[in-house]
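Okay, so here's the structure we're looking at.
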Protein chains: 2
Amino acid sequence: MPTGDPRANPTADPRDIPDATVARLPEYLHALHTLAEAGLSTVSSEALAAAAGVNSAKLRKDLSQLGSYGIRGVGYDVVMLKQQISDVLGLTRHHSVALVGVGHLGQALAGYAGFANRGFAISALFDISSERVGTMLGGLLVRHLDELPTVVAAERISIAMITTPPLAAQRVADSLVKAGVTSILNFAPCVLDVPGNVDVRKVDLAVELQILSFHEHRKSQGLNEKEAV
Amino acid sequence: MPTGDPRANPTADPRDIPDATVARLPEYLHALHTLAEAGLSTVSSEALAAAAGVNSAKLRKDLSQLGSYGIRGVGYDVVMLKQQISDVLGLTRHHSVALVGVGHLGQALAGYAGFANRGFAISALFDISSERVGTMLGGLLVRHLDELPTVVAAERISIAMITTPPLAAQRVADSLVKAGVTSILNFAPCVLDVPGNVDVRKVDLAVELQILSFHEHRKSQGLNEKEAV
DNA sequence: GATTGTGAATCCATTCACAGCG
DNA sequence: CGCTGTGAATGGATTCACAATC
């Protein structure tokens, strides 16, 4: 790590936060929101960990990654910690999100309150079906995919969700990348090929069920043997 | 390896397959389906890994976990490998799935073709809203939550999806567990408290966006410094 | 010759346990 | 004394690299 680089930084070290930690920060943030609403002003690692569903050692290690200062003997300041995590996650910047593919799932996501609540606004919808293009959905016009480049540029969109059928997904991804999108949340069950500077996260609902199926299978076999889990 | 007969056997060791491997098996299975449709009868670890979006060493290690026999110098038999993975995942058994919470997201999932395609049938819908209870959705009646215990028992449902608001989710989970459900896919943004024999997987869409937001943030900061990845 | 299966090496994540501090 | 922050220990997962096998 040859970063001969000063620390004139807000909060903490920039990019060397482990992925596993990053994936949990949103959970901590959410728990902190709940605690703040309940009126708590400080919280111990033990209590926050319980609220987020992890153990306290892991929580403390995670928070130490972002240089957060709790107070020994007391705990963490709820408001300050919220602010700090929001900063690290980049949630203080506003993020406009595009959604491509206005089928059942796309419609549900377009109307999902959970996004707006947590700092994301879907600000453009795209599809290719002539039945859907031109209709309104959750206050937004469904546009034709052809308009994607101009709209993405105009609205400075850097994050997109793909909820198209799998066969269309790669083409859509190519188009998004060319338009300047650098983060993609892919709901289509297929592998996307994108340049190295583009982050893709995949959510595959059938895969989740299949993983659960494995555990069901395992449990039902386990009946024969007296192994407790 | 005390396996006498490679094919008449229930493949391999039961429960000591690493979680990380289990999470990838569905991806391999999906890739194999695609390859099978394309008419391939054998596939190398290199090609299958590419189709599944992983590297070949990982793929081979994963497959070796389930005792799978490829053929050195040739590759894997597509049909046999599909069968083997399906067995391990317990997909040869039929799984009936309950869905609780017929809001936007629930409606979308109830109509999601991707489940049926891959071996899961949603066979019961529940809600508490009097506006929704009694309506039909995707050929299924939306039932009141009160009917959950009897229906879950009658249909032998062991897997459920929760797509309710977060405040209702714990109560629903309790009810599911009491009715005999042992695997839950939770879309509500909250931590569920369940007995140790129940598996919960959580899908939080806002969390996915927040993780992407972090990477956006990181990338935009990275513009200042010329650090290579 | 090609490709699998796998020990060994490496990397990353979690947990432990306690020193350090309020 | 209580609780955080963290080095050290442990445990998994990934990658390497090559011997075994077809």
Side-chain angles (χ1 to χ4, degrees), chain A residues 1 7 11-13 15-25 27-28 31-32 35 40-78 80-81 84-85 88 211 214 229, chain B residues 1-3 6-7 11-13 15-28 31-32 35 40-78 80-81 84-85 88 211 214 229:
Chain A
M1 264 61 85
R7 73 286 70 159
T11 57
D13 304 22
R15 86 195 87 266
D16 50 2
I17 299 177
D19 286 349
T21 295
V22 172
R24 283 185 295 263
L25 290 178
E27 308 284 359
Y28 302 154
L32 285 166
L35 295 171
L40 294 200
S41 65
T42 64
V43 64
S44 70
S45 65
E46 199 67 54
L48 180 53
V54 303
N55 75 41
S56 64
K58 187 160 23 184
L59 176 106
R60 288 199 302 278
K61 182 74 95 175
D62 282 342
L63 293 186
S64 78
Q65 304 283 355
L66 35 110
S68 154
Y69 294 163
I71 304 164
R72 292 171 198 235
V74 178
Y76 301 88
D77 181 286
V78 171
M80 205 187 73
L81 191 52
Q84 219 169 50
I85 295 178
V88 170
I211 295 171
F214 169 83
V229 185
Chain B
M1 275 32 112
T3 49
R7 95 198 67 226
T11 54
D13 303 22
R15 87 194 88 264
D16 51 2
I17 299 177
D19 285 349
T21 295
V22 171
R24 285 187 295 263
L25 289 178
E27 308 284 358
Y28 302 155
L32 284 164
L35 294 171
L40 295 200
S41 65
T42 65
V43 64
S44 69
S45 64
E46 199 67 55
L48 180 53
V54 301
N55 77 41
S56 64
K58 186 158 23 182
L59 177 104
R60 289 199 301 279
K61 182 74 93 175
D62 282 341
L63 294 185
S64 78
Q65 304 283 359
L66 34 111
S68 153
Y69 294 162
I71 304 163
R72 293 171 197 235
V74 178
Y76 299 88
D77 182 287
V78 171
M80 206 186 74
L81 191 52
Q84 223 169 49
I85 294 178
V88 169
I211 295 171
F214 170 82
V229 186

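Owing to the predicted nature of the structure, the values given are computational and were not obtained by experimental measurement. In what follows, chains are A, B, ... by sequence order, proteins preceding strands, each numbered from 1.
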Practice prompt. Give the intermediate values and the outcome of side-chain contact (heavy atoms from CB on, under 4.5 Å) for residues B:Tyr28 and B:Leu81.
Written response: CA-CA 9 Å; B:Tyr28 302 155; B:Leu81 191 52; over 6 Å; no
Practice prompt. Find the distance A:Asp16:CG to C:dC12:P and express it as a whole number of Å.
Written response: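 After rounding, the reported distance stands at 12 Å.
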Worksheet item: Whole-Å distance between C:dT4 P and B:Leu81 CG?
Response: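 That distance rounds to 11 Å.
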Fill in: Which residue lies more 5' along DNA chain C, comparing A:Pro18 with B:Ser44 via nearest heavy atoms
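The residue mapped nearer the 5' terminus is B:Ser44.
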Discussion item. Nearest heavy atom decides the nucleotide; on that basis, is A:Asp62 or B:Gly75 closer to the 5' end of DNA chain C?
Written reply: B:Gly75
Worksheet item: What is the distance from atom CD of B:Glu46 to atom CG of B:Asn55, rounded to the nearest 0.5 Å?
Response: 8.5 Å
Worksheet item: To the nearest 0.5 Å, what is the distance between CE (A:Met80) and CD1 (A:Ile85)?
Response: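 The CD1 atom of A:Ile85 is 10.5 Å from CE of A:Met80, to the nearest 0.5 Å.
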Practice prompt. For the residue pair A:Phe214 and B:Ile17, establish whether any side-chain heavy-atom pair is separated by less than 4.5 Å.
Written response: yes
Discussion item. Using the side-chain hydrogen bond (donor to acceptor under 3.5 Å, both in side chains) criterion, which residues pair with B:Ser45? Sequence neighbours excluded.
Written reply: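 In terms of side-chain hydrogen bond (donor to acceptor under 3.5 Å, both in side chains), with neighbours along the sequence ignored, B:Ser45 is linked to B:Arg60.
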Response to the item:
In B/S/- notation (B base, S sugar-phosphate only, - none; protein heavy atoms under 4.0 Å), nucleotides 15-22 of chain D written 5' to 3' is B-B-BBBB
Worksheet item: Bend angle of the helix from C:dG1-D:dC22 to C:dG22-D:dC1 from five-pair axes at both ends, rounded to 10°?
Response: 0°
Worksheet item: From D:dG5, C:dT14, D:dA13, pick the nucleotide closest to the side chain of A:Ala20?
Response: C:dT14
